[in-house]
Amino acid sequence: MSKKTLIVIGNGMVGHHFLEQFVASPGATEYEILVFGEEKQLAYDRVHLSEYFTGSTHADLAMGTADWYTGQGIKLQLNEPVTALDRDQRIVTTPKGEYGYDELVLATGSFPFVPPIEGREHAHCFVYRTLDDLDAIRASAQEGKSGVVVGGGLLGLEAANALRSLGLQAHVVEFAPRLMPVQLDTDGGALLRHKIEELGVQVHTEKATTDIVEGENARLRMNFSDDSHLETDLIVFSAGIRPQDALARASGLEVGERGGIVVNDQCTTSDPHIHAIGECALWDQRIFGLVAPGYTMARTLASVLNSDRDAAFTGADMSTKLKLLGVDVGSIGDAHGQTPGARNIRFNDEQAGHYRRMVISADGKTLLGAILVGDNSHYDTLLQYALNGIALPDNPETLILPEGQGGAPALGPDALPETASICSCHNVTKGDICGVIDAGCSDLAGVKAETKASTGCGGCTALLKNVVDNELEKRGVAVSKDLCEHFPYSRQDLFHLVKVNGIRTFRTLISQHGKGQGCDICKPVVGSILATCWNEHILATDHVPLQDTNDTFMANMQKNGTYSIVPRIPGGEITPDKLIVLGEVAKEYDLYTKITGGQRVDLFGATLSELPEIWEKLIAAGFETGHAYGKSLRTVKSCVGNTWCRYGVQDSVGMAIILENRYKGLRAPHKVKMAVSGCTRECAEAQSKDFGVIATENGWNLYVCGNGGMRPRHADLFATDLSDEELIRTIDRVVMFYVRTADRLQRTSVWMENLEGGLDYLKKVILEDSLGICAELEEHMNGIADTYQCEWKTAVEDPEKRKRFREFVNLPEQKDPVQQWTTERGQRRPVLESA
Amino acid sequence: MKARTFWNAVCSVEDLVPESGIAVWTEDGPVALFYLPHRLPALFAISHTDPFSGANVLARGITGDLGGEPIVASPLYKQHFNLKTGACLEDDSVTVKTYPVLLDGNRILLETTENQREAVAA
C-alpha cells in the first residue's frame, strides 16, 4: 500500500516540535512527510534570538540538524515559500513545483506588525523576527550611534537589549502609558522603567509616531503627535505580531476578523484535511504568541493525526517569567484583576526595587494572578498556586513578603498535586516525574532525559530539582552529597582536599578528613584522585588496596575470574608485524580473540599468573597497556583521513594518535572516549564520544560530552575551526575541569547536564577563562602527560609487583579448578552454567 | 563427633598485602586471606569462592569496613561479605565459610578440617 503524504508549511519552533512529536508516534509510518520553509535556515530558537548578537550562531540556536530530518525520512525544502493552495485538488504550489497532499499542516507563524507610519519604508527601518532581520540590523548598526525600538512590550525590550549589545544608545518608544502594558500594571511598569533607565536605555511612553523623515544629526528623525521628536540612526519595529494567514485567506479557509486561521479543539481548520498550529492559529478568538501554547497545539495535532479521539487543545496558560535587560519580570494568569470581585495584595519596596502584586478571588481562597518586577524568586510558588487552584494560606500576604519579615517559605514540592504542571514546554506533570522515578530513575539528569522536563525554556530548572530531590528522599534514596559513610564530602571536595593539602595517601586522607577504614566506594575514588594529582604508579604499595580489581591486576576480570587484555593501538593504526604478535600470543595462551568497538583487539581468558608473562611478550613487541581496565582514556577512534580517503580534508589518524598518546593513563571519574573524523561524513562517529573531533577545511571542530552506550547523547559543538595547538589546549582544559569537578562514576555527558549553566557555562570557563583557572588546568595536564609511564612495563620489571599475580601464593603450579572450557566457532570459551 | 582439625601453615608474612587479600590453596579448597593492619585481630580468612558467580575471586576484592565491621566487596558483582562471620550484607541467605587464622612467628596458620602437607598438631 502506498503511503499518504503529509505536508507541513513552515519550519519554525512549533513546526519543528510537531515533527518531533509526530515522527515518534505510530501513525508516522503511514505518511511521507514533506516540509517547506520560507527562510533559508533550519528551524531555530526565536525565544533566544538576541543571543545571536552576543556570540551564538545559527548552529547554537538551531532546533535540529539536517541529519535529523534525513534520519527521520523527512524531506525538508528550505528557502521555498508556498505561494498557492488548491484545496479541491489538494495541491500546494511553490516556485519550484506542485505537490499533492493528503493532510496539510500550517505552521506559518506570524509576522511583525509595522504601524502605518509615513516613512516606515526607510532603509534603516527594521523588524525583529528572523536571523536575516538581525543580520540587517547588525550591518546598519556598524555605522550608527543610536537606535530606537518602537514598542515597549516583551519583544521590544528584548530588541532594545540587542541594540545595546551592538553598542548603540538604545531608546524605547511606547504608545501606552507604561512598559509591557499587557503583563504589568502601573506600579510594575514604573519600576521596570526605572530599572531599565538605570541601565542607560531611554524610555519614552505615551508617544504616537506620526512620521519618519531624514534627520539632521542622525540618519532619521521621528516626529511624535505631541510635537516632540527624536533623532536616531536606525528604527526597529516591535509593535506586536500578526498571524501569517495569507495562504489560508487566499484559499478560502475561515479566518478571524482580525486575522488568524480559525481552528477547533483538534487544531483542524474549516477544511478537515488542513490543520493549523502555533501563532498562525486562532483558537476561541485568541492568538497565542508564546512558544509553550504552540508546543501544546503541536502535541495535540500529533495525537489527532494518530486518530486519538480524546486529543484536544483546551487553551494555555500565558504566564511568563523572564529576565529583560537583566531585570526579573513575571506575570501570572489574571494579572490585571479583571475577574469580578477580585482583590489585590501589593508589596512595593522602592528601595530594593521589588514590586509584587497578588490578585485573589473574592472568597480569598485562590490566587487568580500575579505581577512580579525586580525579583522572580516567588514566581514558581505563585504559579503553582494559580495553576493548580491550591488553597491559599490564611495570611496570603506572607507569600509575597520578604523572608524574615513574616514571609512564608516557598511552597514545598509535597504541597503540589500529582497533576501540577512542572514543565509547561514539554507538558510534564509532577505525576509524570514520580512515574519515571518509580520506574527506576534515580537522579535529576535521568529524569530530564526520560521526561524532557526542563529541556525547553529551562524556566522550571529549580522547581524540577526540588521535586526530584523531594521524591527521591521520600523513597529513601539519599540525595546527600556524601561519598559514603567514611567521608562527609563529595568527590569534588575530596579532590580539593587532596590537592590543596598535598595529601599523597589514602591513610592520611581518611585519618585527617574521614573515619573508619574505607570501602569499595571511597577507596577507588581516592585512588583515582591521587593518580590524577600525583601520577604515581597505581601498584605502589600505598595504592594497591585502593584499586578496583581491574586496576589492581591491570586487566578486565571476566565472569569466571579470568582476565582479558587490551593492548593500546593508538588511533586504531597497527603494523602487520604487531598484528602477528597479537595473533601469536593469543595462540600460545589459547586466548579468545575479538575486535572491540574502539578499534582494538581484546584477548580473553588469561589467568592471573599468565598476565605478566603475556605482557612481557607484548611489551617486547612494542605494545603498551591500553587502560581498558581503568577509569581513564580508552581509545581515540579514527577514520582513515586524507592520507587515503577521497573525501578526507585532514589527517584524522595522525591527530587521533597525538590525542591518544597525550591523554593515555590520565585517571578520571569515569572512562573517557574520543574519536577523530577526517571530514563531515563522520565515519569515526565522533559525536557519540566524550570528546569528538571533526575535520574542517580550516582545522578541527570540537564536540564535547557525547555518549554512546546505555543513555546515548549527541555531543555538543564546542568550538570551531581550531588549529592543532588550539584543539589540544581546549581538550586539556575541558578534560582537567571534568576530572576536577565531576562526581564519582559520572560520565562527561551527565556531568555537563548537571553543571549549573550547562554548555554556556562550560564555554565561558574554558573559552573565556571566566574562572581564571585555564593556565592551571593546562599546567596540570602537561604535568600528567610528562610523567606518563606504561603501568605494565613498570610492573613486569619489578619482582615485588609481580608477586601480586600469583593465583595461589602457596602453590604456584595449582590451576584454578573452577575454570572449565569448551570450544565454540574455533575458539575457547568458558563453560556456562546451565542455570 | 567433631571432625578433626589441623592448623596448617599456608604462607609467610611477606606474602601478605596490607589492606588487601591473597589466595592460598588448601585441601578445603581455595581460601582468601586478608591482612588489615589497622585492626585487631588483623588477619581474616574466608572462602575464596564468590557464592554468586562460583568464581574464585574474593581475595581480589576491595576491603574496608561498613558500620565498623570488616568487609570485602566481591570484585565481580560487588556484594559485601563480613570478614568475621562470612555473612553477605546484601542477601541474608548467603554466607561464605570462614576459617580461624593465626600468626605464628613468620608463618600464617590456617585451621582446616583436613590434613595438609605441613600440618602442625593443634
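Every chain is numbered from 1 and lettered A, B, ... according to where its sequence line falls, protein lines coming before strand lines.
- Only the side chain of B:Val17 comes within contact range of chain A, judged by heavy atoms closer than 4.5 Å.
- Using a distance-only test at 3.5 Å, with no hydrogens or angles considered, a donor-acceptor pair links the side chain of A:Lys523 to the main chain of B:Thr63.
- Between the CD1 atom in B:Ile71 and the CG atom in A:Asp520 there is a gap of 5.5 Å [rounded to 0.5 Å].
- Between chain B and the options A:Cys484, A:Gly516, A:Gly518, the largest number of non-hydrogen pairs under 4.5 Å is found for A:Gly518.
- Contact count against chain A (heavy-atom pairs under 4.5 Å) is highest for B:Leu66 among B:Leu66, B:Val72, B:Val57, B:Ile22.
- At a 4.5 Å heavy-atom cutoff, the contact between A:Asp548 and chain B is made by backbone and side-chain atoms alike.
- A:Arg507 and B:Glu19 are joined by a salt bridge, as a carboxylate oxygen and a charged side-chain nitrogen come within less than 4.0 angstrom of each other.
- Between B:Ser20 and A:Arg804, some side-chain heavy-atom pair lies under the 4.5 Å cut-off.
- Within the model, atoms CG of B:Asn56 and CG of A:Asn560 stand 10.0 Å from one another, a figure rounded to the nearest 0.5 Å.
- Here the side chains of A:Asn550 and B:Arg60 are not in contact, with every heavy-atom distance at 4.5 Å or above.
- For the atom pair SG of B:Cys11 and CG of A:Leu811, the computed distance is 11.5 Å after rounding to the nearest 0.5 Å.
- Contacts of A:Phe506 with chain B are absent, with no heavy-atom separation under 4.5 Å from either backbone or side chain.
- For A:Lys515, the NZ atom sits in a loose shell: 12 or fewer heavy atoms of surrounding residues, nucleotides or ligands are nearer than 6.0 Å.
- Atom CZ of A:Phe808 is separated from atom OG1 of B:Thr26 by 9.5 Å, given to the nearest 0.5 angstrom.
- Looking at A:Val809, the atoms closer than 4.5 Å to chain B (heavy atoms on both sides) sit in the backbone and in the side chain alike.
- More than 12 heavy atoms of other residues, nucleotides or ligands shown are found within 6.0 angstrom of CG on A:Asp438.
- Here B:Gly67 is the residue among B:Pro70, B:Gly67, B:Ser12, B:Gly29 with the most heavy-atom pairs under 4.5 Å with chain A.
- Using a 4.5 Å cut-off between heavy atoms, A:Gln819 makes no contact with chain B at all.
- Interatomic distance, B:His48 NE2 to A:Asp816 CG, rounded to the nearest 0.5 Å: 6.5 Å.
- Side-chain contact check for A:Pro545 versus B:Phe34: every heavy-atom pair is 4.5 Å or farther apart.
- One distance of note links CD1 of B:Ile108 with CG of A:Asn810; it measures 12.0 Å at 0.5 Å rounding.
- Without hydrogens or angle criteria, B:Asp65 side chain to A:Gln517 main chain gives a donor-acceptor distance under 3.5 Å.
- Between B:Gly68 and A:Glu485, the shortest heavy-atom distance links the atoms N-OE2, 4.4 Å.
- Contact between A:Gln558 and B:Leu76 at its shortest, heavy atoms only, is O-CD2, 3.5 Å.
- Only the backbone of A:Leu546 comes within contact range of chain B, with at least one heavy atom under 4.5 Å from a heavy atom of that chain.
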